[in-house]
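Heads up, the thing below is written out as structure tokens.
The structure presented is a predicted model; accordingly, all values stated were derived computationally and were not measured. In what follows, chains carry the letters A, B, and so on, assigned in the order in which the sequence lines appear, proteins first and then strands, with residues in each chain numbered from 1.
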Amino acid sequence: MLEKRIITFANAINEGLEQIMQKDKNVIVMGLGVDDPGGVFGTTKDLIKKFPKDRVFDMPTSENAFTGFAIGLAISGKKPIISHQRVEFSLLSMEQIINQASKWFYMSGGKVPVPMVIRLIVGRGWGQGPQHSQSLEVLFSHIPGLKVVCPATPFEAKGMLIESIKDKNPVIFFEHRWLHLTKGYVPKKMYSIPLNGPRLMKKGGDITIISFSYMLIECLTVSKILSDNNIKAEVMNINVLNPLNIKKINNSVRKTKKVIIVDNGWKNYGIGSEIFTRLFENFKKNKIICERMGIANSPIPSTISLSKFSYPTKFSIIKKIEQIFKKKIIIKKKYFSKIPSDQPDKNFLGPF
Amino acid sequence: MLEKRIITFANAINEGLEQIMQKDKNVIVMGLGVDDPGGVFGTTKDLIKKFPKDRVFDMPTSENAFTGFAIGLAISGKKPIISHQRVEFSLLSMEQIINQASKWFYMSGGKVPVPMVIRLIVGRGWGQGPQHSQSLEVLFSHIPGLKVVCPATPFEAKGMLIESIKDKNPVIFFEHRWLHLTKGYVPKKMYSIPLNGPRLMKKGGDITIISFSYMLIECLTVSKILSDNNIKAEVMNINVLNPLNIKKINNSVRKTKKVIIVDNGWKNYGIGSEIFTRLFENFKKNKIICERMGIANSPIPSTISLSKFSYPTKFSIIKKIEQIFKKKIIIKKKYFSKIPSDQPDKNFLGPF
Amino acid sequence: MKKIEKKLLFKMLRIRNIEQAIADNYKFQKMRCPVHLSIGQEAPAVGIMENLRKNDKIVTAHRSHAHYLAKGGNLNSMIAELHGKSSGCAKGKGGSMHLIDLEAGVSAAVPIVGSTIPIGVGISWNMKLRKMKNIVVIFFGDGATEEGVFLESLDFASLHSLPVLFVCENNHFSVYSPLSNRQSKKRDIIKIAKAIGISGSKIHGNDVLSIYKKSKKIINNIKRNTKPHILLLDTFRHLEHCGPNNDNHLNYRSKNYIRKWLDNCPIQNLKKKLLRNKFVTHAQIKNYENKISNEIKFAFKYANISKFPEKKYLLKNIYA
Amino acid sequence: MKKIEKKLLFKMLRIRNIEQAIADNYKFQKMRCPVHLSIGQEAPAVGIMENLRKNDKIVTAHRSHAHYLAKGGNLNSMIAELHGKSSGCAKGKGGSMHLIDLEAGVSAAVPIVGSTIPIGVGISWNMKLRKMKNIVVIFFGDGATEEGVFLESLDFASLHSLPVLFVCENNHFSVYSPLSNRQSKKRDIIKIAKAIGISGSKIHGNDVLSIYKKSKKIINNIKRNTKPHILLLDTFRHLEHCGPNNDNHLNYRSKNYIRKWLDNCPIQNLKKKLLRNKFVTHAQIKNYENKISNEIKFAFKYANISKFPEKKYLLKNIYA
Ligand SMILES: Cc1ncc(C[n+]2csc(CCOP(=O)(O)OP(=O)(O)O)c2C)c(N)n1
Ligand SMILES: Cc1ncc(C[n+]2csc(CCOP(=O)(O)OP(=O)(O)O)c2C)c(N)n1
Ligand SMILES: [Mg+2]
Ligand SMILES: [Mg+2]
């Protein structure tokens with residue numbers, strides 16, 4: 001068998017952008033720094049060298065207006081891809097996203113679609129602090145007319161990005177900063193993954209673990225720990241938050257009857273609340289056990305001594321699962337990492 | 001017994017504003033049209049005649065900046081009250097609300113509170129259409145650091161507004177346009193209602209109906225219909241969405257075991273999802289039945305022929321309750337109103 | 001010139017009479033949506049639009065009827081839209097505040113103040129990218145210039161030298177708020193635009209002929225040089241901000257101000273002048289008004305007999 | 001003048017050396033938060049702040065260290081904050097991007113570009129409402145002027161004639177993006193401000209003396225007449241946008257540009273001049289730098305021995 005091609009999530013995005021730009025001349029990449037040496041954490045690197053200047057646009061810090069520009073492009077035949085290096089910056093453009101982009105097709109009576117992608121990067125770690133590490137997926141997922149996509153692996157990153165660009169609707173494409181560094185198998189050729197619902201990451205019959213974005217990575221580790229303990233977890237990746245397709249999850253839960261939902265954002269009024277509710281709506285008769293976790297209910301502080309308690313960890317997830325199974329779960333030494341909690345790996349040293 | 005003093009919700013707000021302004025010289029009222037003949041649907045009427053010009057400020061259409069101005073005032077000792085005649089306009093100021101106001105106290109290490117009130121008016125009816133009738137409560141309720149208040153009666157409107165102004169935190173104060181016209185008992189004197197959780201509106205042991213804002217009014221009618229059918233509903237008004245206090249609701253549900261949650265906004269990722277989840281988290285052993293309703297999952301169209309299907313109505317709520325009780329519920333003739341669904345009463349003829 | 005003047009007059013008359021018919025019929029409660037009528041403000045729409053081609057596009061805001069009609073938007077679809085019918089230009093989903101007619105080049109109208117400004121810039125950016133020789137005209141009010149997105153949009157149009165004409169119709173009010181409540185007396189949006197690198201001019205907003213002539217040059221210039229321009233037009237709305245009535249009794253606009261502007265009605269002025277010059281006769285006007293009246297009658301009838309959208313359309317068109 | 005020049009030099013030196021110490025120590029990974037160093041941009045902070053009283057207030061953005069220090073912000077609390085300690089000025093919750101020192105009049109610093117501009121205007125509005133004789137100085141970069149909220153804030157400051165000094169430190173870059181990517185060459189923010197009714201002036205951003213002298217007059221004027229003003233100061237950051245290193249190898253800034261500006265270092269220039277004029281001696285500078293060095297050592301030690309906030313503080317201070 002051939003060695004599988006392993007690249008980073010950031011490179012997968014970069015490759016996806018390049019391929020779709022090659023294929024579709026209407027695709028335009030725009031946003032702060034898309035043409036700069038950093039290239040939005042490497043995701044837009046060298047596009048400016050490979051494509052004419054009028055397809056890769058650096059933007060002024062005018063987030064509200066340039067979201068409007070992108071809508072104008074989209075409704076007149078282009079396919080713009082915006083990026084924000086932190087989801088927080090997009091809050092300046094909520095009017096354009098929520099009032100305009102999400103409703104344009106509907107309020108034009110189905111005449112004018114808005115094919116655009118808004119890449120929102122979620123920050124974490126290295127003391128980003130309250131204004132650079134929010135998740136906020138639910139703010140977009142609540143809005144009919146928006147699609148909300150959250151890839152968790154390099155494979156998904158490329159395939160779902162390409163599909164998002166092909167999609168005729170405004171797609172909010174969440175990328176977790178810590179995922180950018182992760183590596184995985186990504187086919188060289190252009191491919192796309194349909195935006196039709198959760199992806200089964202790992203099969204198992206004892207418990208269903210539901211998560212998305214970076215938290216999914218933590219959950220995959222958890223599933224390994226469980227495996228060591230003879231608990232077979234089924235891991236479901238809700239990589240499309242809106243429209244939410246719950247079917248595959250139902251099937252899994254029907255089997256396991258035990259669920260843990262690990263939210264990537266704040267727990268209160270979070271993504272987990274909707275999933276939790278849908279499950280109980282669907283399992284009125286069969287009794288299921290369901291637990292929900294998410295970011296602690298406070299702004300995320302800068303200091304590592306506090307932020308380490310903000311996020312669910314493999315340990316806190318295991319603890320919850322111990323409660324579900326009412327038994328002790330043993331965690332092998334190798335899972336106790338020496339990397340501080342504000343770094344995804346040794347090489348991530350900030351500064352941002 | 002003395003006749004009770006009955007005034008409208010809008011007048012209750014107006015009176016509350018006047019009394020708190022009399023009492024606290026630091027209170028400032030600002031927003032588009034607060035000094036004009038319309039007076040924000042009558043809620044700020046005549047304040048400009050009763051107070052010096054430097055306490056009642058008309059604003060330019062610069063929603064983002066004037067939210068920032070208000071934060072600046074608040075952190076330097078004033079108590080500003082902003083109003084937006086439609087919640088949609090506040091989307092221009094989400095950056096200031098979510099990144100700044102909600103986190104200021106936290107990120108200053110507890111040094112600087114932000115005592116301000118943001119009044120958001122939710123539109124409905126008379127063909128307001130996609131951009132003038134969203135609810136969006138969940139966008140704010142998800143954010144730690146914000147308080148989110150939704151009075152449903154004139155009594156609450158005045159008391160909770162006064163309390164919100166006294167509160168040291170940024171309070172998002174939702175007013176439903178259709179509530180402005182409703183009437184009820186409001187004491188003349190200044191009083192405040194603590195922002196500490198749901199209010200019991202009607203006692204009953206058979207089913208718990210949970211709602212808020214305008215939908216609560218619909219639910220109160222439903223409870224009367226149920227009463228005619230010998231079903232005693234307990235109606236709980238979640239007038240504080242954040243921080244969410246679920247205790248009193250638990251008590252009610254422990255008794256009734258049957259719940260229906262009627263959301264004022266979209267159902268998906270809505271307020272109802274969180275309440276539903278909290279209930280099932282709390283009633284792991286005792287089996288409860290819980291149903292959830294909300295606005296249909298589309299932008300709200302302008303035409304009455306479609307918008308009438310957007311919102312839950314007493315009829316659709318009763319239908320759900322029939323399913324819960326598995327029996328037919330009879331609705332008396334008097335509940336079949338001849339007023340079209342885009343008007344709360346005969347006198348409401350738009351134009352906005 | 002005679003011909004064009006007559007045309008301008010008739011176009012304005014048409015819009016005025018349509019708007020008046022909406023006002024007159026509003027009380028029957030069949031147009032169940034907010035309406036922001038353009039009565040009094042017909043000149044900018046008509047004067048500018050006369051210089052546009054079909055492939056030139058416009059975007060506008062809440063007060064959009066005059067723009068829609070002057071650009072050639074379909075009358076029947078508009079009146080049907082106000083009636084919430086499925087034959088409406090947005091299939092009843094939009095209402096008065098979301099008029100659209102793609103064929104006529106009416107790309108968008110939305111009621112969030114300032115929001116179509118960047119969208120219009122985006123459309124014009126695409127025209128430049130595609131090397132089209134068209135332009136976008138963006139209509140907005142004095143209030144909209146207070147939104148930050150206005151500056152952001154001017155900045156970008158200047159930076160990328162886009163084929164866009166910004167048109168500010170200054171009726172001195174934002175709802176009931178006078179300019180003095182909202183903007184410094186020293187504020188000058190033409191100078192602001194100039195400081196950003198955009199040329200601008202001020203024309204009397206009720207003088208349709210002058211608007212027509214000057215905007216002709218300006219639009220030619222934009223097309224030739226692909227460069228943005230801003231127009232400032234002082235004008236006056238006759239009726240209340242939103243709705244079919246006159247609200248002068250509320251006294252938020254001084255009697256003098258109102259009288260001055262009513263005496264300066266774009267339609268009366270031109271009509272008088274053309275009658276005086278014998279460019280047009282009373283009979284011709286009467287004749288034309290009859291034609292319009294029939295057109296309007298038909299449109300209202302069309303709207304009335306059109307069907308409401310069926311329930312299933314509530315959940316259609318959410319996603320493309 | 002001699003005294004003041006020396007003072008300005010020493011103040012700049014102090015900031016430079018503190019920033020350098022942060023850069024030097026960053027590699028030890030104890031300051032675990034982004035840092036946007038002010039090295040090269042000390043003159044605006046020092047020149048302007050010398051004219052402020054304690055009760056005058058400032059707000060700033062991500063590149064805030066120089067402003068914080070020049071206004072008299074506590075050094076120990078700042079370094080502790082960068083270390084995430086509970087003795088930090090925001091108890092470790094904020095980090096480098098949220099410096100605050102209420103006693104010194106440092107009201108706010110946040111890393112969302114442009115966001116403190118309206119907040120500063122709000123504080124100054126309150127000063128006017130309270131008839132205080134103080135002002136607010138709002139510091140921001142060239143990038144921040146692209147945010148719509150900048151225009152909205154100027155508009156309001158002009159309308160209500162507020163005691164506020166807007167200070168734009170133009171280092172020609174927003175992260176790696178040159179001005180030419182973001183703003184038309186014809187754009188002139190002083191003219192924009194003037195078109196809004198706000199006077200403005202441009203001063204060389206590395207000439208601390210001239211900044212000091214001119215801003216003295218300007219600030220007196222603002223206090224006397226309660227009227228806003230805007231200052232534009234061209235300057236240069238020596239290091240990378242964010243972090244402790246030099247990133248000249250990335251070539252996003254031309255060698256010529258870098259050389260020109262390095263040759264025009266605010267500190268070297270003034271030092272040379274004062275040495276030449278014998279206003280200061282090498283020994284005095286040495287002496288002073290030793291003093292600073294001790295101060296810095298103490299601050300780092302203080303930060304190091306300070307405690308991290310305990311877990312319970314995660315959920316404290318969410319609501320007041
Ligand atoms: C962002 C936003 N803020 C406030 C409103 C409420 N509003 C509707 S129309 C209008 C007046 C705007 O004035 P102007 O732009 O001068 O247009 P005019 O009505 O005078 O034609 C306002 C404030 C809105 N629709 N959108
Ligand atoms: C609203 C927003 N958009 C983008 C960013 C990312 N960002 C952080 S600092 C910065 C540079 C801003 O440039 P400028 O205002 O000139 O300040 P400088 O860094 O040059 O001092 C940018 C774009 C941000 N923090 N906030
Ligand atoms: Mg106006
Ligand atoms: Mg800069």
Side-chain angles (χ1 to χ4, degrees), chain B residues 25-26 28 30 52-55 57-80 82 92-93 95-116 143-147 167-171 195 242-243, chain D residues 57 59 77 81 86 88-95 97-102 107-130 132 136 138 147-157 159-160 162 164 309 313-320:
Chain B
K25 287 238 155 63
N26 285 317
I28 277 184
M30 55 193 272
K53 247 177 114 69
D54 67 359
R55 310 245 338 247
F57 286 93
D58 192 15
M59 285 287 126
T61 42
S62 306
E63 286 82 358
N64 190 15
F66 75 68
T67 307
F69 305 156
I71 296 175
L73 290 175
I75 64 177
S76 63
K78 286 268 188 285
K79 294 185 174 178
I82 294 182
L92 286 161
S93 60
E95 195 286 307
Q96 289 290 335
I97 296 174
I98 293 184
N99 289 337
Q100 310 305 335
S102 79
K103 297 173 176 53
W104 205 269
F105 187 62
Y106 192 85
M107 75 199 181
S108 66
K111 287 181 180 165
V112 190
V114 187
M116 67 190 280
I143 310 298
L146 295 180
K147 294 198 176 177
D167 199 285
K168 282 187 182 150
N169 299 287
V171 178
L195 310 181
N242 197 31
Chain D
K57 301 204 185 305
V59 301
S77 313
E81 187 63 31
S86 55
C89 60
K91 303 204 176 141
K93 285 177 171 171
M97 305 194 291
H98 294 285
L99 299 184
I100 186 172
D101 188 328
L102 297 179
S107 294
V110 309
I112 307 290
V113 170
S115 284
T116 42
I117 300 178
I119 296 175
V121 169
I123 299 172
S124 110
W125 188 17
N126 199 7
M127 286 174 173
K128 178 157 180 181
L129 290 172
R130 290 178 193 270
M132 291 162 68
V136 175
I138 304 178
E147 292 289 359
V149 80
F150 170 64
L151 177 83
E152 295 180 353
S153 299
L154 288 185
D155 264 338
F156 195 80
L159 174 65
H160 287 284
L162 302 181
V164 56
Y313 287 104
L314 176 64
L315 296 180
K316 289 230 163 117
N317 303 141
I318 302 168
Y319 293 101

Tell me, with the steps shown, if Asn64(B) and Glu147(D) meet side chain to side chain contact (heavy atoms under 4.5 Å, CB included).
-> CA-CA 11 Å; Asn64(B) 190 15; Glu147(D) 292 289 359; over 6 Å; no
Go through the atoms of Pro80(B) and report whether side chain, backbone, both or neither lie under 4.5 Å from a heavy atom of chain D.
-> neither
Mark yes or no for whether Lys111(B), through its side chain, and Cys89(D), through its backbone, hold a donor-acceptor pair below 3.5 Å.
-> yes
First locate atom CZ of Arg130(D), then atom CG of Asn26(B), and finally report the distance between them rounded to the nearest 0.5 Å.
-> 5.0 Å
With only heavy atoms counted, which part of Phe150(D) is less than 4.5 Å from chain B, the side chain, the backbone, both or neither?
-> neither
Taken to the nearest 0.5 Å, the spacing of Ile71(B) CD1 from Ile123(D) CD1 works out to 10.5 Å
Could you tell me which portion of Asn169(B) (side chain, backbone, both or neither) has an atom closer than 4.5 angstrom to a non-hydrogen atom of chain D?
-> side chain
Would you confirm whether Asn317(D), through its side chain, and Phe105(B), through its main-chain N or O, come within 3.5 Å as a donor-acceptor pair?
-> no
Verdict with supporting geometry, Gln96(B) and Ser115(D), side chain to side chain contact (heavy atoms under 4.5 Å, CB included) = CA-CA 7 Å; Gln96(B) 289 290 335; Ser115(D) 284; 3.9 Å; yes
Side chain, backbone, both or neither of Leu162(D) within contact of chain B (heavy atoms, under 4.5 Å) = neither
Please flag which part of Pro144(B) lies under 4.5 Å from any non-hydrogen atom of chain D: side chain, backbone, both or neither.
-> both
Under 4.5 Å from any heavy atom of chain D - which part of Asn99(B) | side chain
Mind checking the CD-CD1 spacing from Gln100(B) to Ile112(D)? Nearest 0.5 Å is all I need.
-> 6.5 Å
What part of Leu102(D) gets closer than 4.5 Å to chain B, counting heavy atoms only: side chain, backbone, both or neither?
-> side chain
Which of Lys93(D), Lys91(D), His160(D) touches chain B most, by non-hydrogen pairs under 4.5 Å = Lys93(D)
What part of Lys103(B) gets closer than 4.5 Å to chain D, counting heavy atoms only: side chain, backbone, both or neither?
-> neither
Options Leu146(B), Thr61(B), Val112(B), Leu92(B), ranked by heavy-atom pairs under 4.5 Å with chain D, top entry | Leu146(B)
Sequence neighbours left out, what passes salt bridge (charged side-chain N to carboxylate O under 4.0 Å, His left out) with Asp58(B)? Give chain and number order.
-> none
Mark yes or no for whether Tyr106(B), through its side chain, and Tyr319(D), through its backbone, hold a donor-acceptor pair below 3.5 Å.
-> no
For Ser124(D), is it the side chain, the backbone, both or neither that has a heavy atom under 4.5 Å from a heavy atom of chain B?
-> neither
Verify the neighbour count for atom CZ of Phe57(B): are there more than 12 heavy atoms of other residues, nucleotides or ligands below 6.0 Å?
-> yes
Gap separating the CD1 atom of Ile119(D) from the CH2 atom of Trp104(B), nearest 0.5 angstrom | 4.0 Å
Bottom line for Lys128(D): the part with an atom under 4.5 Å from chain B's heavy atoms is neither
Results of salt bridge (charged side-chain N to carboxylate O under 4.0 Å, His left out) for Lys57(D) - residues two or more places apart only = none
Rounded distance [0.5 Å steps], CG in Leu129(D) versus CD1 in Ile28(B) = 5.0 Å
Step by step, would you call Met30(B) with Trp125(D) a side chain to side chain contact (heavy atoms under 4.5 Å, CB included)?
-> CA-CA 13 Å; Met30(B) 55 193 272; Trp125(D) 188 17; 3.8 Å; yes
Could you check Phe66(B) against Glu152(D) for side chain to side chain contact (heavy atoms under 4.5 Å, CB included), going step by step and ending with a plain yes or no?
-> CA-CA 8 Å; Phe66(B) 75 68; Glu152(D) 295 180 353; over 6 Å; no
